[in-house]
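Below is one structure, written out as structure tokens; the observations come after it.
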Amino acid sequence: MECVFGMVGKGFALVVADTSAVNSILVHKSNEDKIMVLDSHKLMGASGEAGDRAQFTEYVQKNVALYQYRNGIPLTTKAAANFMRGELATALRKNPYMVNIVLAGHDKETGPSLYFIDYIATLHKVDKAAFGYGSYFALSMMDRHYHPNMTVDEAVKLADQCIEEIRSRLVVAPQNFVIKIVDKDGAREHSWRRTTKD
């Protein structure tokens, strides 16, 4: 019952993910951070099989760091998204990763951006995106209340509305969520939304 979603506002991008590690009917932990900081100005929210998610996100993080180390400049958000798409497309014909990505970043030239990348290597630049069972409710809330010039406070309020909708509408809903933001000042954790103890 995973859920990852994100949106772009005025000068920033926001990513929200549940923090549940589940297998079938078992909850292994409720504090797993599924939003990885790729570099100083990029966030990657991931959903999918736990092993694939961990392996692919760490692989991408290390390769983004390697590129910056070798070339002296970081990848742009668009370049990082295309790198991920290429890796997923290559793996699709060998041993596919069952992982879906919401990539958020902020570049000096282009500002904030958000990319939707699914397990079959579909890539789209979007204003809002969601994966998982909670996406049905998060997307409907964002369709109704999202606008491109949102402030951070408005976006966090909308994220909270999405979280409440997910909690109230899904039979087996994740209870804890983490919210992270990336803007000109960098990628950082904004807050946690908890209803259960870790």
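- Taking the six-membered ring wherever Trp is involved, the centroid distance between the rings of F131 and F116 falls below 6.0 Å.
- Remark: the backbone N or O of K42 is paired with a side-chain donor or acceptor of D39 at under 3.5 angstrom.
- Residue I120 is grouped with residue M98 when hydrophobic side chains (ILVMFWY) are merged at heavy-atom distances under 4.5 angstrom, including chains of intermediate members.
- Counting all heavy atoms, side chain and backbone alike, A13 lies closest to P112 at N-CB, 4.1 Å.
- Between the side chain of R93 and the backbone N or O of A89 there is at least one donor-acceptor pair closer than 3.5 Å.
- Between the side chain of E154 and the backbone N or O of T151, at least one donor-acceptor pair lies under 3.5 Å.
- L43 and V126 fall within a single hydrophobic cluster, where Ile, Leu, Val, Met, Phe, Trp and Tyr side chains are chained together by heavy-atom contacts under 4.5 Å.
- In the hydrophobic clustering of this structure, Y67 groups with L103; members are Ile, Leu, Val, Met, Phe, Trp, Tyr whose side-chain heavy atoms approach within less than 4.5 Å, directly or through other members.
- Two residues are said to be in side-chain contact when any heavy atoms from C-beta on lie closer than 4.5 Å; H28 and V22 fail this criterion.
- For the pair Q55 and Y97, the minimum side-chain heavy-atom distance is below 4.5 Å.
- Here the side chain of R70 pairs no donor or acceptor atom with the backbone of Q68 at under 3.5 angstrom.
- A continuous path of hydrophobic side-chain contacts links Y136 to F177 [ILVMFWY only; heavy atoms under 4.5 Å].
- For the pair Y133 (side chain) and I166 (backbone), a donor-acceptor distance under 3.5 Å is absent.
- Using the six-membered ring where Trp is involved, H41 and H106 have ring planes that are tilted, between 30° and 60° apart.
- Taking both residues in full, the closest heavy atoms of D52 and P96 are given as OD2-O, 3.9 Å, listed atom of the first, atom of the second, then distance.
- When side chains are defined from C-beta on, V4 does not count as touching V16, because their heavy atoms never get closer than 4.5 Å.
- Heavy atoms only, all atoms of each residue included: M44 and I101 are closest at CG-CG2, 3.5 Å.
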Practice problem: List the steps, then state whether side chain to side chain contact (heavy atoms under 4.5 Å, CB included) holds for Q61 with V64. | Solution: CA-CA 5 Å; Q61 184 186 45; V64 166; 6.0 Å; no
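- A salt bridge between R167 and E164 is present, with a side-chain N of the basic residue lying under 4.0 Å from a carboxylate O of the acidic one.
- Crowding of E49 atom CD: a count of heavy atoms from other residues, nucleotides or ligands under 6.0 Å not exceeding 12.
- Judged purely by distance below 3.5 Å, without hydrogens or angles, the side chains of E87 and Y59 pair a donor atom with an acceptor atom.
- When atom types are taken as modelled, the side chain of T19 and the backbone of N176 share a donor-acceptor pair closer than 3.5 angstrom.
- Between R53 and E32 there is a salt bridge, with a side-chain nitrogen of the basic residue lying less than 4.0 Å from a carboxylate oxygen of the acidic one.
- V99 has its side chain out of reach of Y119: every pair of non-hydrogen atoms, C-beta onward, lies at least 4.5 Å apart.
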Self-check item: Intermediate values then yes/no, side chain to side chain contact (heavy atoms under 4.5 Å, CB included), D143 and K128
Solution: CA-CA 9 Å; D143 283 344; K128 53 192 182 300; 3.0 Å; yes
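- Applying the side-chain contact (heavy atoms from CB on, under 4.5 Å) rule to S191 yields the partners I179, R193; only residues at least two apart in sequence or on another chain are considered.
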Quiz item: Going through the distances and angles, do L88 and I117 end up as a side chain to side chain contact (heavy atoms under 4.5 Å, CB included)?
Solution: CA-CA 9 Å; L88 286 169; I117 310 162; 3.6 Å; yes
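- With rounding to the nearest 0.5 angstrom, the CZ atom of F137 is 9.5 Å from the SG atom of C3.
- No side-chain heavy atom of K180 sits less than 4.5 Å from a side-chain heavy atom of H190.
- Between L114 and the options D127, V182, V102, a side-chain contact (heavy atoms from CB on, under 4.5 Å) holds for only V102.
- At least one side-chain heavy atom of V152 sits less than 4.5 Å from a side-chain heavy atom of I181.
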Quiz item: What's the verdict on side chain to side chain contact (heavy atoms under 4.5 Å, CB included) for T110 and T76, showing C-alpha distance, side-chain angles and the deciding distance?
Solution: CA-CA 9 Å; T110 58; T76 64; over 6 Å; no
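- Of the candidates L158, D153, D160, D160 is the only one forming a side-chain contact (heavy atoms from CB on, under 4.5 Å) with V156.
- The closest donor-acceptor contact from the side chain of D107 to the backbone of T77 lies under 3.5 Å.
- The closest side-chain heavy-atom distance from M142 to C162 is below 4.5 Å.
- The number of heavy-atom neighbours closer than 6.0 Å to CZ of R169, taken from other residues, nucleotides and ligands shown, is 12 or below.
- Annotation: side chain of K10 is not in contact with side chain of M150 (no heavy-atom distance under 4.5 Å).
- Here the straight-line distance linking atom OG of S20 with atom CD of Q175 works out to 7.5 Å at 0.5 Å rounding.
- The hydrophobic cluster containing L75 does not contain V15, counting ILVMFWY residues as joined when their side-chain heavy atoms lie under 4.5 angstrom apart, directly or transitively.
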